[in-house]
Structures are given as C-alpha cells and as structure tokens.
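Have a look at the structure below before the remarks.
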Amino acid sequence: MGNPIWGEQSAVRACISRFYSSQAWVEGRAEDQLAQVAAWPGMVAVAGFPDLHPGRFGPVGAAFLADRIWPQLVGPDIGCGMGLWRLNLPRHRLKIDKAVRRLAVLDDGADPADAASALADAGIEGLIAADGLGSIGGGNHFCEVQAVEEVSSPDATSLRPGDLCLLVHSGSRGRGAQIFEGLDDSWKQGYAPDGAAASRYLALHDAALVWARLNRALIAALAAEALSCEASLICDTVHNQVVAQDGLWLHRKGAAGADRGLVPLAGSRDAPSYLISVPDLVPKALGSVSHGAGRRYDRASMHGRVRKVKSELAALTRNRFGGRVVCGDRDLLMEEAGPAYKNPESVLRDLVDFGLAQPIARLVPLITFKTAGKAAGGDTE
DNA sequence: ATGTCC
C-alpha cells in the first residue's frame, strides 16, 4: 500500500459508534477512513459525529480512544478550536460597513510585544514561539460577528435575541504545523505513551493548546477593540487534541470537548451557528461532540461550483442574513462558500436525537472576517 | 492546517 498516513491494520477492530442518521450527509470515503483508523493497533473505541468528512490524516468529526498516542489523529493544527464571546454592543448599534472597514486590523495580528508578553504570562515562552499569535490564518478559520436570533434555553446563559457575539475559529497556525512536521519518524506507528518521543510531543502539544487558546482570545480582543466594545467569554472549546483519559488517550479530530458543558456549533458564513449544551451522558460519544456543520464538498471541488465571474464572486461576499464576508483571497472565498458546508440544522438534529446536545441559542452571521488582504473581496461596493 | 503548492 505504501501510504504512510495509515498505520498497520490489526486483526481486531475497535467498536465504532456513529451519531448520525441514515439521512446524514456522510461520504463513503469518510466512513472508510473511520473503519481504517478503528483497525489501527491499540484502538479501543471510535465515535463518529454527523459532521464527519474525509481528512488528509484520517476522518474529521470523530474521536478516538487508544492505548497509544497518534499525532496524525490530532493533525497539524494542534489546539484548533472555537471560542464564543458576547459583545456588549447591541445588534441595532452595529454599522456593518463601518465595522467591516475597522476589522481590517485583524490582518495585522496582535502587536508583537503584546504577543510576547501574553506568551510569557502563559508560561510557555520557552516551548513555542510567539510568531503569528493573534492571527486568524487561512483555510476554514474565521472571526465572525453573529447576532443572537433565538434563545431556546434562557437559563443557560445571559444571551438574549438582539445580542451580538463573536465566534472565533483558529488554532496554533504555523507553530502547530511546525511541531507536527518536526516529529520523530516513529509517529507513523503511534507513540508508546511512556516513551521519550511521546513526552516530547505531549509537551509541545500542550504548549500549542495554550498558544491556540491565547490566539483566539487575542483575536477576540482585537475585534472587540475594532468595534469599540468589550468581549466576554462564553466558552472556548478545542477540537484537535489528545488528552489522557483513564489510562488511555483520547484523540479529538474536528470533535469538540465541552467547556463548562457548552460548545459552539459553527454553521457556515451563509447558515446559522448554534450554542449547544452537552450533557455528557453518552459514554460512547467519548466526551465529544461536533464542532460545526462539517464539510460537504472539498476545497478543490468548490472551484468547479462557482463561476469565476465578477458578479458571482461579488455575490459570495453577501449572505442571506444581510451580512458580509470579508475575504480578499479569491480562492478562499470560493473554497469556503456556504454550500461547502453541510446543513447545520441537520447536524444539530442528529446530535439532539442521539442525546448529545441541547440547543441554547441560534446565531446568524453578520460579518465573516477571513482576510481583508490581497484584492478587495470584502469591499466591492 | 501551513509566511503551503502552483
């Protein structure tokens, strides 16, 4: 086979629990990847969620419990996650055009001196560099201003319709990728947890988790400053990580662990997101849940789904909620268009039906900020 | 995913 991504297949396969209905949009290739990983040596249990889709190093939208550490099941973006903040700015006071212009400062990232001191305060300055701290990055990462549209559990948070929130999706940027690429070659067979390679990886992995969380907080602070308001954290959840659990190792790849029982479920730039509560009553879900709608179409195929003419590209900078998309990178604008993602309502329905989540609030995107840079993708007035 | 690949 010669594919370095997949480990050896063992004779026994771990139990796979699927938390999606027969109607869910799950590609056969994602199912195949789930089955292949379940047959890796030392795999104990696997959980697949309704946002499941194929990934480069294994399926995304899944959790894996194993007796060893598999860095490829965390992937390059170690510590990637979603943070949700409430803004003390009501929806009726948001001037979208002005906010779009002011959010352009996000392209610059955090001030290097602020980034360095934040890293030192977190106590990880010796393990990981500050470069890139406070920057969103590319791919599916974003900083989005959202409006609370409906609150189904008023007691769960202080959120009310008409409030604005900030949803930040980012990770450890080039630092996590550097850690992954610098691994000891034996990663392809998985690391024995008591070995030196595992210790080195875990120390860097844990630093990347802190870095990524700090990154999201700095992005939120920069955005709040640009909008002349304050941001207060509701929850911050990680969906690419490995964590010790009862003598085993729980890997999350595009599957979120809860923060005080709360998880943001990202929709897309043209669909609502949800704040959900996660009761953690289903052991086979491995303390994990979907982190978003999940990809429906891969990046390459999105280029064939959008005509590269000015009018169609300009249409991609507007959403159905009267909101805007700021993305000066034309390729990224197409690759991350709304249709690239599954229907978040279907994903949520499956999670509710399987007892993994309860909706707290529905949030609609008003400004999806990716990058102001390059061309004027977000500013085509 | 990536100061990424073309």
Touch check for [X], heavy atoms < 4.0 angstrom, all strands: base, sugar-phosphate only, or nothing?
| X | answer |
| --- | --- |
| A/G174 | sugar-phosphate |
| A/G132 | nothing |
| A/R299 | sugar-phosphate |
| A/G171 | nothing |
| A/G176 | nothing |
| A/N240 | nothing |

### Query
Of all residues at least two apart in sequence or in a different chain, which pass the salt bridge (charged side-chain N to carboxylate O under 4.0 Å, His left out) check with A/D270?
A/R320
### Contacts of A/R295 that satisfy salt bridge (charged side-chain N to carboxylate O under 4.0 Å, His left out) - sequence neighbours left out
A/E336
### Task
State the CD1-CG distance between A/I69 and A/L248, to the nearest 0.5 angstrom.
11.0 Å
### Message
Under 4.5 Å side-chain heavy-atom separation, chaining through any Ile, Leu, Val, Met, Phe, Trp or Tyr, what else clusters with A/L351? Say none if it is isolated.
### Response
A/F19, A/F49, A/V263, A/L265, A/Y274, A/I276, A/V278, A/V282, A/V289, A/V347, A/L348, A/V352, A/F354, A/L356
### Summary
Contacted region of DNA chain B by chain A, from 5' end to 3' end of the hits, cut-off under 4.0 Å to heavy atoms, spans B/dA1 to B/dG3
### Query
How would you list all residue pairs meeting side-chain hydrogen bond (donor to acceptor under 3.5 Å, both in side chains) that involve residues 118-140 of chain A, not counting sequence neighbours?
A/S135-A/R173
### Non-neighbouring partners of A/R86 that pass side chain to side chain contact (heavy atoms under 4.5 Å, CB included), sequence neighbours left out
A/S158, A/L159, A/D163, A/S232, A/I234
